[in-house]
Amino acid sequence: MNMKGKFAAVLPAGGLGKRMGGNIPKQLMVLGGKPVYRYSLETFLSMDEIAEVVMAVPADWKDHFEKEIFSDNASELIRTKMKIVVGGAERWQSVENGVNALTSNAEFVLVHDVARPFISKEIILDVCKTLVEKGSCLVAKPAVDTIKIAKDGCVQQTIDRNTVWMAQTPQAASIALLKKLYGRIAAEPLNFTPTDEASILEYFGESVYIVKGNNLNDKLTTPEDFEIFASRVK
């Protein structure tokens, strides 16, 4: 299957990482000698399947990202395959800005949080194949702990963990489909705040298939996470 250039990537990097603390966005924190965002960015840029990469960043930090990424020694891949846009008020709006900025002939888009720096090419390829063969999909890993539903600090229900998957990214769909759904949202705003692309697709009745992820693709969220992630690049 020839998948060269059939896909684009949108990398939301608009969060300020309040749970991480500090005075810079967590995606700019140095991990193993380079900023967190660089890991996933370089992975996507290096793949022939990916025609272009758009990163959505906080408005106040856009100049910083542009100076850092498009420096005089920027690679040819960065100069030819990448652009930066300002993120929105919510994550899904940052993704929308990124999707609307796509200009290549790619048919599908993979949305990946840069706070998941260790995404593998193998998982990305699995997402690409699933998109082509089945349709919209997301990376997720199976729950290993017993899952409880609680209210006011009291357990209400135990869920069969065999049916529970922990959502990760990339989450992916056709570009045309996402643009159509964004148009529907503009005409009739949602009554909830989507936390990922899958929830938007689900809301509008679209099937979303699972691509199995792993612990290496976990999200960097807290200072404790940072210590764990740092140990992986030593």
Please enumerate all residues that pass side-chain hydrogen bond (donor to acceptor under 3.5 Å, both in side chains) together with [X], with sequence neighbours excluded.
X	answer
Glu206	none
Thr163	none
Lys62	Glu66
Asp126	none

side-chain hydrogen bond (donor to acceptor under 3.5 Å, both in side chains) assessment of Ser40 paired with His112: CA-CA 8 Å; Ser40 52; His112 182 71; 4.6 Å; no

Among pairs that include at least one residue of residues 117-169, which meet ring-ring contact (aromatic ring centres under 6.0 Å, His included), considering only residues two or more places apart or in two chains?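 Only Tyr39-Phe118, Phe118-Phe229 qualify under ring-ring contact (aromatic ring centres under 6.0 Å, His included).
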
Compare all side-chain heavy atoms of [X] with those of [Y] and state whether any distance is below 4.5 angstrom.
X	Y	result
Gln27	Leu220	no
Leu110	Val10	no
Phe65	Phe70	no
Glu52	Lys83	yes
Lys180	Leu177	yes
Leu181	Arg184	yes
Phe7	Ile124	no

Just list the side-chain donor-acceptor pairs under 3.5 Å for residues 133-146, sequence neighbours left out, or say none.
{"residue": "Lys141", "atom": "NZ", "partner": "Asn215", "partner atom": "OD1", "Å": "2.8"}
{"residue": "Lys141", "atom": "NZ", "partner": "Asp218", "partner atom": "OD1", "Å": "2.8"}
{"residue": "Lys141", "atom": "NZ", "partner": "Asp218", "partner atom": "OD2", "Å": "3.2"}

If every non-hydrogen atom of [X] is compared with every non-hydrogen atom of [Y], which pair is closest and at what distance?
X	Y	value
Val95	Pro12	CG2-CG, 4.1 Å
Asp113	Thr169	N-OG1, 3.2 Å
Val86	Ala59	CG1-CB, 3.6 Å

Using the side-chain contact (heavy atoms from CB on, under 4.5 Å) criterion, which residues pair with [X]? Sequence neighbours excluded.
X	answer
Glu90	Trp92, Gln93, Thr193
Ser94	Ala56
Lys121	Thr43, Ser46, Met47

Under 4.0 Å between a side-chain nitrogen and a carboxylate oxygen: does that hold for Glu76 and Lys81?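 No.
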
Below 4.0 angstrom, N of the basic side chain to O of the carboxylate: do Glu197 and Arg91 qualify?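 Yes, this pair counts.
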
Taking ILVMFWY side chains as joined if any heavy atoms are under 4.5 angstrom apart, and letting links pass through other members, which residues group with Ile159?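 Its cluster partners, ordered by chain and number, are Ile147, Ile149, Val164, Met166.
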
Quick test of your reading: applying salt bridge (charged side-chain N to carboxylate O under 4.0 Å, His left out), list the pairs with at least one residue in residues 157-174, sequence neighbours left out, ordered by first then second residue.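 Residue pairs with at least one partner in residues 157-174: there are none.
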
Please say whether more than 12 non-hydrogen atoms of neighbouring residues, nucleotides or ligands are located less than 6.0 Å from CD in Glu188.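 12 or below, so no.
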
Using only atom types and a distance under 3.5 Å, with no angle test, would you say the side chain of Asn214 pairs donor to acceptor with the backbone of Asn217?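 Looks like yes, one N/O pair under 3.5 Å.
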
Determine whether the side chains of Thr222 and Glu224 contain a donor N or O and an acceptor N or O closer than 3.5 Å.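 Thr222 vs Glu224: donor-acceptor pair found between side chains.
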
Could you work out, with salt bridge (charged side-chain N to carboxylate O under 4.0 Å, His left out) as the rule, every residue matching Glu107, not counting sequence neighbours?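 Scan of Glu107 (salt bridge (charged side-chain N to carboxylate O under 4.0 Å, His left out), adjacent residues dropped) gives Lys6.
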
